Amino acid sequence: YPTDGGSGVDRVEYTVNGGSTQQYDDTFPFDLPITEAGTSIIEATAFDKAGNESPTRTVTVKIDRTKPVATATAAPASSGFVKQTVTVTLDATDAGGSDVARVEYTTNGETSQQYDGTPFELSLDGTYKIVTTAYDDAGNVSDPVELVVKIDATKPTLTSNQSGANEWQKSATVTLTATDSGSGPP
């Protein structure tokens with residue numbers, strides 16, 4: 001805040017983003033609230049009661065109130081079960097200007113971990129719920145994004161039962177039973 005070793009501070013004149021000059025002449029220090037999102041440039045000069053002028057001081061303020069947007073994709077993409085390894089890629093963007101600081105995710109509610117930018121693979125049978133959250137440099141947090149991946153690489157089993165197998169008959173009944181430990185029968 002402005003000080004003066006002699007006649008005392010008279011006023012501070014300032015502009016915000018090159019706008020009209022404002023004057024403050026009450027008690028010092030004083031707070032100048034900056035609420036506009038984006039980059040604001042404040043230029044201020046102090047004057048004492050004798051008419052002396054300080055060098056102009058320029059301050060840049062950056063405000064980002066926009067939440068980043070997290071994304072999670074699976075390849076191959078499917079709303080149901082797949083039988084092969086799935087590659088998961090996480091990402092985030094930030095339209096507020098401060099850039100994405102980090103992306104974190106959980107798998108099936110386990111402890112959150114930071115994503116290092118490298119896609120990862122899921123290959124074991126099961127259902128995976130991946131929840132992704134992004135954080136930007138201003139401290140804004142994205143809405144969580146949920147991705148569900150279902151893998152069933154185990155082949156179903158089929159058994160048959162027939163009365164009088166391998167014998168000639170007038171009619172026969174064959175009972176087929178299919179089981180699957182993963183995605184289940186149709």
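Note that this is a predicted model, so its numbers are computed, not measured.
- Ion pairing of D152 with K83 is absent here, as no side-chain N (NZ or NE/NH1/NH2) approaches a carboxylate O to less than 4.0 Å.
- In this model, a donor atom of one side chain and an acceptor atom of the other lie less than 3.5 Å apart for D125 and T154.
- T133 OG1 to K67 NZ: the interatomic distance, rounded to the nearest 0.5 Å, is 11.0 Å.
- A donor-acceptor pair shorter than 3.5 Å can be found between the side chains of E104 and S112.
- Put simply, OG1 on T107 and CD1 on I130 are 5.0 Å apart, with the number rounded to the nearest 0.5 Å.
- Between atom CG of residue N108 and atom OH of residue Y128 there is a gap of 8.0 Å, rounded to the nearest 0.5 Å.
- When all heavy atoms of V9 and K49 are compared, the closest pair comes out as O-CE, 3.7 Å.
- Judged purely by distance below 3.5 Å, without hydrogens or angles, the side chains of S54 and T45 never pair a donor atom with an acceptor atom.
- Evaluation of the side-chain hydrogen bond (donor to acceptor under 3.5 Å, both in side chains) test over residues 113-122, restricted to residues two or more places apart or in two chains, returns Y105-Q113, D116-T118.
- In this structure, the separation between CG on L124 and CG on L122 is 8.5 Å, given to the nearest 0.5 Å.
- Using a 4.0 Å cut-off between a side-chain N of Lys or Arg and a carboxylate O of Asp or Glu, E146 and K129 qualify as a salt bridge.
- S20 and Q22 share a side-chain donor-acceptor pair at under 3.5 Å.
- T175 contributes no side-chain N or O that, together with a main-chain N or O of S160, makes up a donor-acceptor pair within less than 3.5 Å.
- Cluster partners of V174, by chain and number: L158, L176. The rule joins Ile, Leu, Val, Met, Phe, Trp and Tyr whenever side-chain heavy atoms lie under 4.5 Å apart.
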